[in-house]
Student: 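Questions regarding the structure given below will be posed in turn.
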Amino acid sequence: MSNQQARGKLIVFEGTDGTGKTTQRNLLGQYLQNQGYPVIITKEPTEGPYGMKIRDLYRHRNRYSREEELELFLADRRHHVTEILHPGLLDGKIILCDRYYFSTAAYQGALGLDPEAILALNDFAPEPDLVLLFQASLDIGLQRITAGRGETLNNFEQREFLEKVAAIFSTIKRPYIFNVDASGPIEDVHRLVVRYVMDLLQPAYTAAQD
Ligand code: TYD
């Protein structure tokens, strides 16, 4: 066995707005901490300088072109990778990240940019070990966006946009992406999430439970 420090793990929560990603990320964080894992909880857009510009973008959507919007998310990610993700992985941490470059492919892709080209622009960012793609009805998500952000798009536009986002998410295939049915009660979804994550962290242990 090598005595080099093992690389940590990058676990990403993806999906359309309002599918409960953040709640599940936090519950998983608590669960893993209780088990003694060194956990970092993080998200994109970040709270850093570009993340703050992105929040400004939600308030004044028309001031940015889709190319500028893409650039902002990429700049925010570069900062995130340098400041949090690379150091955390080198330090053997289990990083739980709310949204990552699949969101850029899906959301900026839904604005008309090519999702595969967007993914290719992210080759500076470490590939995740596991992506949980949360899937639930768009109705719940729409209510939460309108209430939470006060965006000015009408319901039809929002629904149409999020349907495109969801469609692009489902076209991205990678061996480490798993769909999570997020329509059930929080505890049921949590159990599913724990199952996927423990398969990654302790495959021998979960196999023995079958
Ligand atoms: P969200 O996770 O809802 O953040 P918060 O809860 O802090 O507001 O993300 C905000 C929005 O950003 C969401 O609608 C998806 C969008 N987004 C992109 O369009 N591209 C990206 O690359 C990322 C990371 C997010």
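The figures here come from the full heavy-atom set of this structure, side chains too, leaving out hydrogens, waters and symmetry mates. For ligands, and for the atoms within them, numbers begin at 1 and follow the listed sequence.
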Student: Applying salt bridge (Lys or Arg N to Asp or Glu O under 4.0 Å), run through Glu160 and Lys164 and close with a yes or a no.
Tutor: CA-CA 6 Å; Glu160 224 183 10; Lys164 275 192 206 157; 5.8 Å; no
Student: Only heavy atoms of Tyr107, strictly under 4.0 Å: list the atoms of ligand 1 that pass.
Tutor: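 Those atoms are 14 (O), 15 (C), 18 (C), 19 (O).
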Student: Decide yes or no on side chain to side chain donor-acceptor pair (under 3.5 Å) for Thr104 and Arg77, but give the supporting numbers first.
Tutor: CA-CA 10 Å; Thr104 324; Arg77 183 158 307 119; 2.8 Å; yes
Student: Please could you name the atoms of ligand 1 that Lys43 approaches to less than 4.0 Å, counting only its heavy atoms?
Tutor: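 In order of numbering, the contacting atoms are 5 (P), 7 (O).
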Student: Checking the N or O distance criterion of under 3.5 Å, is ligand 1 in contact with Thr104?
Tutor: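 Min N/O separation from ligand 1 is below 3.5 Å for Thr104.
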Student: State the atoms of ligand 1, each with its element, that fall below the 4.0 Å cut-off from a heavy-atom position in Glu44.
Tutor: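 Heavy-atom distances to Glu44 below 4.0 Å select 24 (C).
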Student: Quick check: closest heavy atoms across Leu10 and Cys97, and the distance to 0.1 Å?
Tutor: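 Distance-wise, the nearest heavy atoms are CD1-CB, 4.2 Å.
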Student: From Ile54 CD1 over to Thr46 OG1, what is the distance, rounded to the nearest 0.5 angstrom?
Tutor: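 Interatomic distance, Ile54 CD1 to Thr46 OG1, rounded to 0.5 Å: 7.0 Å.
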Student: Number the atoms of ligand 1 from 1 as they appear, then name those within less than 4.0 Å of a heavy atom of Arg77, with their elements.
Tutor: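 Here the atoms of ligand 1 in question are 22 (O), 24 (C).
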Student: Which ligand 1 atoms are under 4.0 Å away from a heavy-atom of Gln108?
Tutor: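 Reading through ligand 1 atom by atom, the close ones are 18 (C), 19 (O), 20 (N), 21 (C), 22 (O).
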Student: Number the atoms of ligand 1 from 1 as they appear, then name those within less than 4.0 Å of a heavy atom of Asp17, with their elements.
Tutor: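 Under 4.0 Å from Asp17, ligand 1 has these atoms: 3 (O), 13 (C), 14 (O).
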Student: Please confirm whether Tyr58 approaches ligand 1 to less than 4.0 Å, judged on its heavy atoms.
Tutor: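 Distance cut 4.0 Å: Tyr58 passes for ligand 1.
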Student: May I ask you to say whether Asp76 pairs ionically with Arg55, meaning some side-chain N is under 4.0 Å from a carboxylate O?
Tutor: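 Arg55 and Asp76: not salt-bridged.
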Student: Measure up the His79 and Tyr50 rings against each other and bin them: parallel (under 30°), tilted (30 to 60°), perpendicular (over 60°).
Tutor: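 If you compare the ring of His79 with that of Tyr50, the planes turn out perpendicular.
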Student: So, Arg191 and Glu187, do they make that salt bridge, N to O below 4.0 Å?
Tutor: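 Looking at Glu187 together with Arg191, the answer is no, because their closest N to O distance does not fall below 4.0 Å.
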Student: Any atoms of ligand 1 less than 4.0 Å from a non-hydrogen atom of Arg55? List them with their elements.
Tutor: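 By the 4.0 Å cutoff, the relevant atoms are 7 (O).
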Student: For Arg99, is at least one N or O under 3.5 Å away from an N or O on ligand 1?
Tutor: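 For ligand 1, there is an N or O atom that lies under 3.5 Å from one belonging to Arg99.
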